[in-house]
Amino acid sequence: MTTRGRYDRALPRSFYQRPTLDVARDLIGKYLVRSSTEGLTSGLIVEAEAYIGESDPACHASRGRTTRNDPLYGEPGHAYVYFTYGMHYLINAVTEKEGTAAAVLIRALEPVQGIDLMRARRQAGRSGSRPEVAAHELCRGPGNLARAMGITLDENRMDLAGSTSNTLWIEDRDQQFRDIGWSPRIGIRVGTDRLWRCFVPGHPCVSGSRASWPGRSLQAET
DNA sequence: CGTTCGATGCACT
DNA sequence: GTGCATCGAACGT
């Protein structure tokens, strides 16, 4: 085994207690890690979006606090997971400070560990034999990502930063991306004027149509 | 390449 | 009853 995927490398709470756009940018290049009874899976975060408070019309908190969005108002560093379109779970990391209702949606990962397990989760419950999902598509898009990582409402409110959980966290493995692109957020009908989606330009695991990206090449270093 | 549309279930109006 | 921070298949150009 390697030293990768250890909960003691989780980002501290102070990482999340900052302006949401800074957290979103800095989450690019970090690793989302999930340890379950099925095994360990992890991936490099290559796409994220910021949702910032009740004044952001696209934020779930734009119409006030409800039972569903309550985790947004809680302590930074916790997960806000919700269910949408009748079939998808999406995961956010809560940011700023208690009461602000801000978070970063994690939209895509480059799979790193547990790729076979990711593939099994993606194919579970599907009928017939289908072509194998390519590795770069396993965690492309927030719904796919949650499916591959085994994230459901069971992980809602989970502490990604504290010491009580050891099943889901985000860690630093000293990865740096030189260039990060910014665009409008995807899949929303309001607040599209804000460039609050960030991503690794040209990375094959980033969601959305390739034509909508700035034409830059991948530049990564360890 | 592009756009449209059905699946599917739940929180909120 | 309406509307999703989606996905992928189906279809048009």
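Since this is a predicted model, take the numbers as computed values, not measurements. Lettering follows sequence order; numbering is per chain, from 1.
- A stem is defined here as three or more consecutive Watson-Crick or G-U pairs, each with both distances under 3.5 Å; for DNA chain B these stems are B:1-7 with C:6-12, B:9-12 with C:1-4.
- For the pair A:Arg18 and A:Tyr16, the cation-pi test (distance below 6.0 Å, angle within 45°) is failed.
- When all heavy atoms are compared, the tightest approach of A:Ala58 to A:Ile188 is CB-CD1, 3.8 Å.
- With hydrogens and angles disregarded, no donor-acceptor distance shorter than 3.5 Å links the side chain of A:Thr192 to the backbone of A:Arg189.
- Scored by the ring pair (Phe, Tyr, Trp, His ring centres under 6.0 Å) test, A:Tyr73 finds no partners at all (sequence neighbours excluded).
- In this entry the distance linking CG of A:Asn156 with P of B:dA11 reads 11 Å, nearest Å.
- Between A:Val33 and A:Ile170 the shortest side-chain heavy-atom distance does not fall below 4.5 Å.
- Applying the 4.0 Å criterion to OP1 and OP2 of C:dG8, one finds that A:Arg140 has every side-chain N and O outside that range.
- Cation-pi geometry between A:Arg13 and A:Phe15 is not met at under 6.0 angstrom from the ring centre and within 45 degrees of the axis.
- Alongside A:Tyr85, the hydrophobic cluster contains no other residue (criterion: ILVMFWY side chains under 4.5 Å).
- With hydrogens and angles left out, the side-chain atoms of A:Ser207 and A:Glu47 include a donor and acceptor closer than 3.5 Å.
- A donor-acceptor pair is defined here as one N or O able to donate and one able to accept, closer than 3.5 Å; such a pair exists between the side chain of A:Glu49 and the backbone of A:Ile186.
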Every protein N/O lying under 3.5 Å from an N/O of nucleotides 9-13 of chain C:
from: C:dA9; atom 1: OP1; to: A:Arg130; atom 2: NH2; distance (Å): 3.2

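- Within the nucleic acid shown, A:Arg147 has no heavy atom closer than 4.0 Å to any nucleic acid atom.
- If you check residues 47-56 of chain A against DNA chain C, the residues with a heavy atom closer than 4.0 Å are A:Tyr51, listed by number.
- Listed by first then second residue, pairs satisfying ring pair (Phe, Tyr, Trp, His ring centres under 6.0 Å) with a partner in residues 48-68 of chain A read A:His60-A:Tyr80, A:His60-A:Tyr82, not counting sequence neighbours.
- In this structure, A:Leu105 reaches the bases: a heavy-atom distance under 4.0 Å links it to at least one base atom across the strands shown.
- Residues meeting the salt bridge (charged side-chain N to carboxylate O under 4.0 Å, His left out) test with A:Arg25, sequence neighbours left out: A:Asp22.
- Taking a 6.0 Å sphere around CZ of A:Arg65, one finds it holds more than 12 heavy atoms contributed by other residues, nucleotides or ligands.
- A heavy atom lying under 4.0 Å from DNA chain B marks the following residues of residues 60-74 of chain A, by number: A:Thr66, A:Thr67, A:Arg68.
- Counting only distance, with no hydrogens or angles, the side chain of A:Glu155 and the backbone of A:Thr152 share a donor-acceptor pair below 3.5 Å.
- Evaluation of the salt bridge (Lys or Arg N to Asp or Glu O under 4.0 Å) test over residues 80-99 of chain A, restricted to residues two or more places apart or in two chains, returns none.
- The separation between A:Ile186 atom CD1 and C:dT6 atom P is 8 Å, rounded to whole Å.
- For the contact set between residues 82-94 of chain A and DNA chain C, defined by any heavy atom under 4.0 Å, the members are A:Tyr82, A:Thr84, A:Tyr85, A:His88, A:Leu90, A:Asn92.
- Closest non-hydrogen pair, A:Arg121 versus A:Ser36, comes out as NH2-OG, 3.1 Å.
- Between the side chains of A:Glu110 and A:His203, at least one donor N or O lies within less than 3.5 Å of an accepting N or O.
- A salt bridge is absent between A:Asp193 and A:Arg185; no separation between the charged side-chain nitrogens and carboxylate oxygens falls under 4.0 Å.
- Taking A:Pro111 as the reference, A:Ile115, A:Met118, A:Leu138, A:Cys139, A:Cys205 meet the side chain to side chain contact (heavy atoms under 4.5 Å, CB included) condition, with sequence neighbours excluded.
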Please tabulate, one pair per line, each protein N/O and nucleotide N/O from nucleotides 1-3 of chain C that are separated by under 3.5 Å, including the distance.
none

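- Rounded to whole Å, atom C1' of C:dC7 lies 14 Å from atom CG of A:Leu138.
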